[in-house]
Structure formats: structure tokens, C-alpha cells
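Single-structure report; data block below.
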Amino acid sequence: MSVRVRYAPSPTGQQHIGGIRTALFNYFFARAGGGTFILRVEDTDRERSTPDALEDLYATLTWLGVEYDEGPGMDGGYGPYVQSERKQIYREKADELVITGKAYPCFCTSERLDALRKEQKAARKNIGYDRHCREISPDEAAARIEAGEKHVIRLKVPLEGKTVFEDILLGQTGRKNKDINPDPVMLKTDGFPTYHLANVVDDHLMKITHIMRAQEWIPSGPLHVLIYNAFGWAPPAYCHLPMVMGKDGQKLSKRHGSTTVSEFRKAGYLPEALVNYVSLLGWSYDDSREFFSKNDLCELFSLEKINKSPAVFDYRKLDWFNGQYIRMKNPEILKTDLLPILMSDGIISDPPSPEQIDIFNGAFPIIRERLKLLNDITPMLRFLFADPGIGNAEDAIPKKMDAAGAAVALKAGLELLSAATEPPVVGDEDACAAWDEERDADFRRAAEEKEWKIGAMLQPLRLAVTASKVSPPLFPAIRLLGLKESLKRTERLITALENM
RNA sequence: GUCUCCAUCGUCUAGUGGUUAGGACACCGGGUUUUCAUCCCGGCAACGGGGUUUCGAUUACCCCUGGAGAUGCCA
């Protein structure tokens, strides 16, 4: 029997790290074993499901490059794949359970349930439904339903015995039936199923072979098995994935930092970096390899290498991966990622002018190895497209020098630049490199003559041109900015220093 | 409260009945460098505790401790 797995998110918020980790593992498992990967939208919570969240789901999967074989818009004969469109199926299945005596209608109001819970909490007793309606006779129940009384359908959980399931990672686990939620709701008052019913019914109807989901679902494993049993179905194989935690060991959440894929995307992370890093949360290949493309994972992924213990999400390692992937990325493709950022940040016009494209292309090689996030490009290149002002003139003064000294050093630099030839056009790489070399030689010679450190000449100049202590390499920066503008900014800083 | 799961450097992890317990990130130091970054070299740092089995346990088993998760007409 070929593998059929699914990712079954509920569209109640943006896709987050934990969710897509589950999606990825299911996807890789399907691909590695020639199986089928299914997307199922579990929107049975009418209160919380939103169109925005649904849109985010599709956008996220597309961005990550996760393609599903069956799902909304990709019918494989088991649709529909959106649970709200399957309402009738659950209704029938719930009725079936009532008829076979595996479930019963419950007329308790949520007010009564709230009061009950409060009472139990105060008495420090076990929390849960008191099975108040379990013994109502079928006739009475039918009559009350007939009369229009609101009700839910609850599963009749056996009072005795134990229910276990086999987990690929954990082995056999389970719990005594008396420890399972007392008679959980299968069908809500609004006629929609709860997660438990819909999930089991769909997994069975869609012929799912393996359920891979986070370990937070372990406690409902036995309950689900009970539901399968009630229908007379065989449960699929289970594989509960280790959870993703924050720095403090608690379930990863907003207070730890970014958690949604869209946030990472907006912050300038590459999908290949995120996929690679997230895949290593609870899974590993061997003791040395840690770079994996999506295609690698589609081949190499295996259940045996999944870890049992929870993993802490390390933002810094993700950053490192991102820097690595930026440097590995095809330059032309990387440029198409970078340009829109400069446009939306208002650094260059939209569409960019030919001059702006030239400057960008010229700057690209020198900033590429400096980027950790794509968005880092904006602060790095701003000075090339707009006058950054003087900045903090104090920063122009090298160690063991004063403002006057810095002004003198700057003047020397100004002279050298004034005497320089006009920089070549961006396309001519050899000429550009040569020009940069010549400037370097000029400044070294001058520094040596005057017995200055070269840094003492370049620091004030760097500040003059970029208004920052930190910048891309200076001579390429000057070349791209243009001699005229560079000299203007230099003169301006000299004046400022002399007036300090 | 009850139930369940988990336990190797700060973090992600590899690994074994006998190893100097390996790698990566982070951190620290050094080199390259006009700053920053990249890159290179080096360093720091772990088997939670107690028992049992065994010639020998980080590795198997038990207990403890610690952490987490679940206890909804949310998923």
C-alpha cells in the first residue's frame, strides 16, 4: 500500500514554524517514499477561521515550494478537501455513532458546563464532563431533539479498560479509558464536527496511511483510536513529531520573536534557508552534513532519523543559514530578490532608472557577502542613492587624533581623489578593479610618506562619503557614487571638522 | 490536581556495552582586511541524580528529579 500523508492545518492564523515543520516532514516523507501528499483545510471552527489565514496558507506553501498532490483545487478523488464543504458527511457519521450506541446526544448548556468546570477547579477535582446526559434514553433524546432542543453529540468513552496506539517513534503508548476526556463532543451545536471527529473521518475516507503531527497531540491519540474503533475502522500509523520550543523551553510563541513564515519572509529570509533550518529541528541526517536543499530532503528524509525530544528554535542559527544561502544563491536570481526591497524601501524608484540599476549592479558584488538578511541591503546602500548628511562627525576622528588632524588627513585624501582619473563604467569589471587598485596604491603611498596608518586616512573619508563608520569597501563606494559627489561630501566634512 | 511524553556542550545534534564522546551555531582568541562582513586557524563547553544488570555503563532496566504537553461545543 502506498503512502498517503496529509498536512491538515486550520486556517485560524498565519502559518507558523511549528506548522510548516509538520507540513515539511509530511511532504518529504511522501516524496522520499513515492507517496502522496495531501493538503486538507480544517476550517470547522467557524469563529476563528478566516479568509486571510487561508490565503496565507497557500502563499506560504507556494513560497516554500511545497506542492501538494491532492487538496483544494487538486482533486484526487477524495475531495472535497475543505472540511466546511464536508459538513454533511460528518453529520451522517455522527448519527451513525448514535444509532450504533457509540455516541449520544447531550443537551447540557455551555453555562452548565462552565459552572461545572469552575466547581471542579475549586474542589481541585479532575476536570471534565460529568456525563450528565449519557444515560438519557434514546426515546427521550429523540423526543427532545424533535422538540428542537439544542444539543451536541458526545462519544461514549468506555469506563473501563485501556486504549493504546502504536507510534513509530514512541512505541506503544496509551492511557486508561477513565483518563481519557469523559465523552468529548463529536458534533457541535452548530452542526459542525469537532476536530476529533472530522479528523478521524477524513483520514479514513482519504485513506491516510501515516499521521505525522506534533507531540501535543499524543494525549488525544487514544481518543482517536476509540473513534476508529467505534466505526469499526483500523487506525493508521502514528508518528508524533517533537515540538518546537522557544528559548525558555516553552512552546514557541510570539513572545519569543517571529514565529510566522510571513514574518520571516518579510524580514528578508530565503525560503531555502528556512526550509533547511526547520528541517533540522528534530531531524538529522548524519554527524556532518547539514546543508540540504528541498530536493535533497525529498530524497533523503526518513522517519528513523527523527528525534524524540523537543527542539529549541535558534534564531541565530537560522540567520547563519540565511547568510550562507545568500552567498550560495545564483547572483542574477539574488538580484531579483534584492531590487524589489530597495524599491519598496524607497531607496530607488519603481521602476528603477538605468542609472540606479548600474549603481546597484556595481554595488552588488561588494555587499553580497555582507548580507545576513536580504533587507540588510537598504541601510548598506542608502548612501549611494541619497545624501546621508554628515552623520556623527566625531566618528570621523581616528584614534589618537583630534578634529584638526582628521581634517588634515581628509584634505590629503581630497587631493588624491581630485587627481584621480574619472572612474570607469560599471560593466567593465577589469577597469573597475584597476581603478580601485590605483586608489589603494595612491593612498598607501601617501600614508607611508606622511607616516600615517592607512586607516587614519580612510576612516574620515569613509564617514564623509557614507556618513557611517561601517560601510562597504571605500574605493568601490566612491567609484559608484561618482567622484564629483564624493569630493563634495568630503569638502563638507572638512569644513565641519575645522569648525569643531 | 490527573494523565502522557521527553532528558548528550548555552542551542541544534552525531554516536557507542569499552571512543581523547564527534560536528554545526553561539561565544572567546588569532590570522587575512581600509571599517564591517566574508574567509581561514585555534579555544571553550555535555552524557541530570541514584540504583540494578554487567568484567565494564553516557548507551539496557527501575526509581527520583527536572522540563514540556494535554486536560474545551479550539485545533
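Protein chains get the first letters and strands the later ones, always in sequence-line order, with residue 1 at the start of each. From a predicted model like this one, the values you see are computed outputs, not experimental measurements.
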[options]: which one has an atom nearest the side-chain heavy atoms of [X]?
X: A/R370; options: B/A68, B/U35, B/C5; result: B/U35
X: A/D45; options: B/C39, B/C74, B/C5; result: B/C74
X: A/D287; options: B/U4, B/C73, B/A14; result: B/A14
X: A/Q250; options: B/C25, B/G69, B/U38; result: B/G69
X: A/L170; options: B/G69, B/C6, B/A14; result: B/C6

Determine the interatomic distance between [atom1] on [N] and the same-named atom on [M]; round to the nearest Å.
N: B/U13; M: B/A70; atom1: C1'; answer: 27 Å
N: B/A46; M: B/U20; atom1: C1'; answer: 15 Å
N: B/C5; M: B/A37; atom1: P; answer: 48 Å
N: B/U53; M: B/C62; atom1: C1'; answer: 11 Å
N: B/U16; M: B/G29; atom1: C1'; answer: 33 Å
N: B/U19; M: B/C28; atom1: P; answer: 34 Å
N: B/G18; M: B/U59; atom1: P; answer: 11 Å
N: B/U33; M: B/A45; atom1: P; answer: 32 Å

Mind checking if [X] touches a base, just sugar-phosphate, or nothing, with heavy atoms under 4.0 Å?
X: A/R368; result: nothing
X: A/Q83; result: nothing
X: A/S471; result: base
X: A/M457; result: nothing
X: A/G174; result: sugar-phosphate
X: A/Q120; result: nothing
X: A/L187; result: nothing
X: A/T44; result: sugar-phosphate
X: A/M380; result: nothing
X: A/P9; result: nothing
X: A/P472; result: base

May I ask you to evaluate whether [X] reaches the phosphate of [N], defined as a side-chain N or O under 4.0 Å from OP1 or OP2?
X: A/K251; N: B/A70; value: yes
X: A/T12; N: B/C74; value: no
X: A/Q215; N: B/G69; value: no
X: A/K150; N: B/C73; value: no
X: A/K305; N: B/G15; value: yes
X: A/R154; N: B/C73; value: yes
X: A/N307; N: B/A14; value: yes
X: A/K308; N: B/U13; value: no
X: A/R48; N: B/C73; value: no

Whole Å only: how far is the [atom1] atom of [X] from the [atom2] atom of [N]?
X: A/D183; N: B/G72; atom1: CG; atom2: P; answer: 12 Å
X: A/F292; N: B/A14; atom1: CZ; atom2: C1'; answer: 12 Å
X: A/N177; N: B/U71; atom1: CG; atom2: P; answer: 18 Å
X: A/K178; N: B/U2; atom1: NZ; atom2: P; answer: 11 Å
X: A/L274; N: B/C25; atom1: CG; atom2: C1'; answer: 16 Å
X: A/D440; N: B/U35; atom1: CG; atom2: C1'; answer: 14 Å
X: A/I454; N: B/U32; atom1: CD1; atom2: P; answer: 15 Å
X: A/Y90; N: B/A75; atom1: OH; atom2: C1'; answer: 13 Å

Quick one: do [X] and [Y] make a salt bridge, cutoff under 4.0 Å?
X: A/D337; Y: A/K329; value: yes
X: A/E96; Y: A/K93; value: yes
X: A/D183; Y: A/R131; value: yes

#### Entry: Contact nearer the 5' end of RNA chain B, comparing A/Q172 with A/D286
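Between the two, 5'-proximity favours A/Q172.
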[Y] ring center within less than 6.0 Å of [X] ring center:
X: A/Y104; Y: A/H151; result: no
X: A/F301; Y: A/F25; result: yes
X: A/F165; Y: A/H240; result: yes

In the strands shown, is [N] matched to any nucleotide by a Watson-Crick or G-U wobble pair with both distances under 3.5 Å, and which?
N: B/G18; value: B/C55
N: B/G42; value: B/C28
N: B/U4; value: B/A68

### Query
Passes salt bridge (charged side-chain N to carboxylate O under 4.0 Å, His left out), A/D376 versus A/R370? Steps please.
CA-CA 8 Å; A/D376 290 341; A/R370 274 158 245 268; over 6 Å; no
### Query
Does some side-chain heavy atom of A/K87 sit less than 4.5 Å from a side-chain heavy atom of A/F192?
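They are in contact (side-chain heavy atoms under 4.5 Å apart), so the answer is yes.
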### Message
Any non-hydrogen side-chain atom of A/D248 less than 4.5 Å from a side-chain atom of A/H256?
### Response
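Yes, close enough: below the 4.5 Å cut-off.
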Identify each atom pair where a protein N or O and an N or O of nucleotides 57-65 of chain B are less than 3.5 Å apart, giving names and distance.
none

### Task
Please report the shortest heavy-atom distance between A/Y129 and A/P182, naming the atom on each side.
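Looking at all heavy atoms of both residues, the shortest contact is O-CB, 3.3 Å.
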### Task
Kindly say whether A/F292 contributes a backbone atom to a donor-acceptor pair with the side chain of A/N276 at under 3.5 angstrom?
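It does hold such a pair.
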### Message
Check whether A/W320 forms a cation-pi arrangement with A/R316 (NZ or CZ under 6.0 Å from the six-membered ring centre, at most 45° off the ring normal).
### Response
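No, A/R316 and A/W320 do not form such a contact.
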### Message
Run the side-chain hydrogen bond (donor to acceptor under 3.5 Å, both in side chains) test on A/Y277 and A/D314 for me, step by step, so that the C-alpha distance in whole Å, both residues' side-chain angles and the decisive distance to 0.1 Å come before the verdict.
### Response
CA-CA 9 Å; A/Y277 177 65; A/D314 185 351; 5.3 Å; no
Check the interface with nucleotides 9-12 of chain B: list each N/O to N/O pair with the protein under 3.5 Å, or write none.
| unit_1 | atom_1 | unit_2 | atom_2 | d |
| --- | --- | --- | --- | --- |
| B/C12 | OP1 | A/V312 | N | 3.0 |
| B/C12 | O2' | A/L280 | O | 3.1 |

### Passing candidate, side-chain contact (heavy atoms from CB on, under 4.5 Å) with A/P9, options A/T22, A/L39, A/V41
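Of A/T22, A/L39, A/V41, side-chain contact (heavy atoms from CB on, under 4.5 Å) with A/P9 is met by A/L39 alone.
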